[in-house]
J.: 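So that we are looking at the same thing, I have put the structure below in structure tokens.
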Protein chains: 2
Amino acid sequence: MAGRRAARDAISRDQWAALISARNSDSESGARRAAGREKTPITVERIIDAALQAVEAGGFEDLTMRRVATRLGTGPASLYAHVRNRAELGDLLIGRLCSQVALPAPDPACWREQFMEVCAQLRDQFLRYPGIAQAALTVVPADLATLRVGEGMLAILLASGAPAQQAAWAGDAAFLYITGYCLEAAAARRQGEDVDGRVIDRAEIEERLRMLPPDLFPHTVTHARELTSGTGHDRFTFTLTLLLQGLIPPPSVSGPGHRHPPRPGR
Amino acid sequence: MAGRRAARDAISRDQWAALISARNSDSESGARRAAGREKTPITVERIIDAALQAVEAGGFEDLTMRRVATRLGTGPASLYAHVRNRAELGDLLIGRLCSQVALPAPDPACWREQFMEVCAQLRDQFLRYPGIAQAALTVVPADLATLRVGEGMLAILLASGAPAQQAAWAGDAAFLYITGYCLEAAAARRQGEDVDGRVIDRAEIEERLRMLPPDLFPHTVTHARELTSGTGHDRFTFTLTLLLQGLIPPPSVSGPGHRHPPRPGR
DNA sequence: CCGTACGACGAACATTGTTCTATTGGCGAT
DNA sequence: ATCGCCAATAGAACAATGTTCGTCGTACGG
């Protein structure tokens, strides 16, 4: 109690164990209160709901303790009985989003499609709440729902027959890329207004790239179109396909080829 | 003048043109002032220096206008004559870091090694200033030094013979992955303290993963070691190698029927 | 019936980004 | 040489943020 807290307080190991074991009993005293009263008691779930609405409305940078509190009709201090930090609130949001991702039963026949599907689900969830991917990067292994998605992705990758080390690293890379992709998209949308209030769209960016001095930026000027393309999620699927493609080179569909393509890694 | 400014003010197109054309004249009136006085006038360069020192000391979240100002022996208001925003300061920091990246002359014989080298330089620059990669994600095409690195990476990728679209997307993916990787590393270091002040290292995380219920997290528990490995930058090089590996061969990304050796065709 | 304990909450504190306004110092123009 | 002007600097202030303290109210255990 009196000991000085770390600047960024992580979870202790006992708390971690308790968190795992108590994954079924849903809130110790909250249920009791919820049953007794109609006064809409403050729950972690309600906080998460309000926070998600706030992010959906104004982006992650507008996710304020006060905004969440007023959305719940109370003051900011009331939240700290259920959530330790703003950072922990972010973790909870990511957990909620991850809990809504459907994980297929791994099928070695179509593991690439399955993996892409899960990644697309994550991407859509993150894109729906602009900037929320920022919270996903600070999470190491905090929430069980988040770990569940990681387990599912790892399961699919392992079903491909890839070695465990490659599967683990590829899953990590995919998750990292997804968050980066969504963060970039959120940033682009956020700063998408000019001083005049005009929206900077792809054509605008392309035009600006073409204005660069061709002696210093020859390729950028020449390929401005390719650099700014990728409207839909073509870029997204392209990158992830690239990642998955090199994993365990297609498990030799036409017989046991004794020709091993170069393994990435060391 | 009196027009209302956008919430996130981006750069106008005239300013963009001016920024490009004035890339050589180094600070319009700053040089003049610097020559006349020993009173250490405030320059953009000095602001960037102070800001980088602040980030190196306490991470990107401790990068405060006030901290930078006091490091320069003045108040926070004095900075706004040279820097428009905290966001623009972040862009400048990324630009400074990018300006220190050495770009090789593209050699089609060893384009992979060259690309990896540039990525490693970026990674090391970002890792030296924890959390600064956050600013790299919000930059679209703001700084010339940043664009220069993009041009260099694109040049190497094009030298590989890959189609322009693939080269552009791959470069983007690599940059995105680098920033995500560095952000994750910064977050891990930041939250690396327990409530007791103990440091959570990889062994600790691995142990925690093993504590998960095996019925729900079979693969995570089994491969906890692989998930937490990647001490050095093995994970980094692995992922980028995976990305580069699949670049050239088939122009159609979806169906890699058989692998062509790199053809001299374009 | 009362005591107690815990969740809710109002107010407050330290800190942040940013702007308004005054001041000052040097340089060009007369 | 003197005047005036403009840009840079800085002090103070404002709105908004995360977080904590102490109080209050109410519901449950006795």
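Residue numbers begin at 1 in each chain, while the letters A, B, ... track the order of the sequences.
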J.: Starting at atom CD1 of B/I47, determine the distance to atom P of D/dA8, rounded to an integer number of angstrom.
T.: 11 Å
J.: If the cut-off is 4.0 Å, is A/R67 near the phosphate of D/dT17, judged by side-chain N/O to OP1 or OP2?
T.: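 Answer is yes, contact under 4.0 Å.
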J.: Looking only at the side chain of A/A77 (C-beta and beyond, no hydrogens), which of the listed nucleotides D/dC21, C/dG17, D/dA12 gets closest?
T.: D/dC21
J.: Taking CD from A/E88 and P from D/dG18, how many angstroms apart are they, rounded to a whole number?
T.: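 The answer, rounded to whole Å, is 15 Å.
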J.: What is the nucleic acid contact for B/T64, judged by heavy atoms within less than 4.0 Å: base, sugar-phosphate only, or nothing?
T.: sugar-phosphate
J.: Of the listed nucleotides (D/dC14, D/dT9, C/dA8), which one gets closest to any side-chain atom of B/R66?
T.: D/dC14
J.: Mind checking if A/L63 touches a base, just sugar-phosphate, or nothing, with heavy atoms under 4.0 Å?
T.: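 The answer is sugar-phosphate, as A/L63 gets under 4.0 Å only of primed atoms, P, OP1 or OP2.
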J.: C/dG17, OP1 or OP2 - any side-chain N/O from B/N85 closer than 4.0 Å?
T.: no
J.: Between C/dG17 atom C1' and B/E61 atom CD, what is the distance in whole Å?
T.: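 Going from B/E61 (CD) to C/dG17 (C1'), I get 16 Å.
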J.: For A/P76 and A/A81, take the nucleotide of DNA chain C holding the closest heavy atom to each; which residue's nucleotide lies nearer the 5' end?
T.: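 Nearer the 5' end of the strand: A/A81.
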J.: Over how many whole Å does the gap from B/L89 atom CG to C/dT18 atom P extend?
T.: 10 Å
J.: Using a 4.0 Å heavy-atom cut-off across all strands, classify A/T74 as base, sugar-phosphate, or nothing.
T.: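 It contacts sugar-phosphate atoms only.
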J.: Validate the cation-pi geometry between A/R235 and A/Y181: distance from NZ or CZ to the six-membered ring centre under 6.0 Å, angle to the ring axis within 45°.
T.: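 The answer is no; the distance or angle limit is not met.
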J.: Can you check whether A/Q134's main-chain N or O pairs, donor with acceptor, with A/T138's side chain at less than 3.5 Å?
T.: no
J.: Rounded to whole Å, please give me the gap between NE2 in B/H82 and C1' in C/dG17.
T.: 17 Å
J.: Any donor-acceptor pair under 3.5 Å linking the side chain of A/T43 with the backbone of A/P41?
T.: yes
J.: Can you measure B/R46 atom CZ to D/dA8 atom P for me and round it to whole angstrom units?
T.: 15 Å
J.: Taking the six-membered ring of B/Y80, is NZ or CZ of B/R86 closer than 6.0 Å to its centre and within 45° of its axis?
T.: no
J.: Provide, to the nearest angstrom, the distance between the CZ atom belonging to A/R84 and the C1' atom belonging to D/dG18.
T.: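 Those two atoms, CZ and C1', are 15 Å apart.
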J.: If you check every side-chain atom of A/M65, which of D/dT19, C/dG17, D/dA12 has the closest atom?
T.: D/dT19
J.: When you get a sec, tell me which of D/dA10, C/dA11, C/dA8 is the closest nucleotide to the side chain of A/P41?
T.: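 Ranking D/dA10, C/dA11, C/dA8 by closest atom to the A/P41 side chain puts C/dA8 first.
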J.: Specify the separation, in whole Å, of atom CG of B/L79 and atom P of D/dA8.
T.: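 Rounding to the nearest Å, CG of B/L79 and P of D/dA8 are 14 Å apart.
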J.: Show me the side-chain donor-acceptor pairs of residues 143-153 of chain B shorter than 3.5 Å, one per line, residues at least two apart or across chains.
T.:
{"from": "B/D143", "atom 1": "OD1", "to": "B/A145", "atom 2": "N", "distance (Å)": "2.7"}
{"from": "B/R148", "atom 1": "NH1", "to": "B/C98", "atom 2": "O", "distance (Å)": "3.2"}
{"from": "B/R148", "atom 1": "NH2", "to": "B/V101", "atom 2": "O", "distance (Å)": "2.8"}
{"from": "B/E151", "atom 1": "OE1", "to": "A/H219", "atom 2": "N", "distance (Å)": "3.4"}
{"from": "B/E151", "atom 1": "OE1", "to": "A/T220", "atom 2": "N", "distance (Å)": "2.7"}
{"from": "B/E151", "atom 1": "OE1", "to": "A/T220", "atom 2": "OG1", "distance (Å)": "2.4"}
{"from": "B/E151", "atom 1": "OE2", "to": "A/H219", "atom 2": "N", "distance (Å)": "3.0"}
{"from": "B/E151", "atom 1": "OE2", "to": "A/H219", "atom 2": "ND1", "distance (Å)": "2.9"}

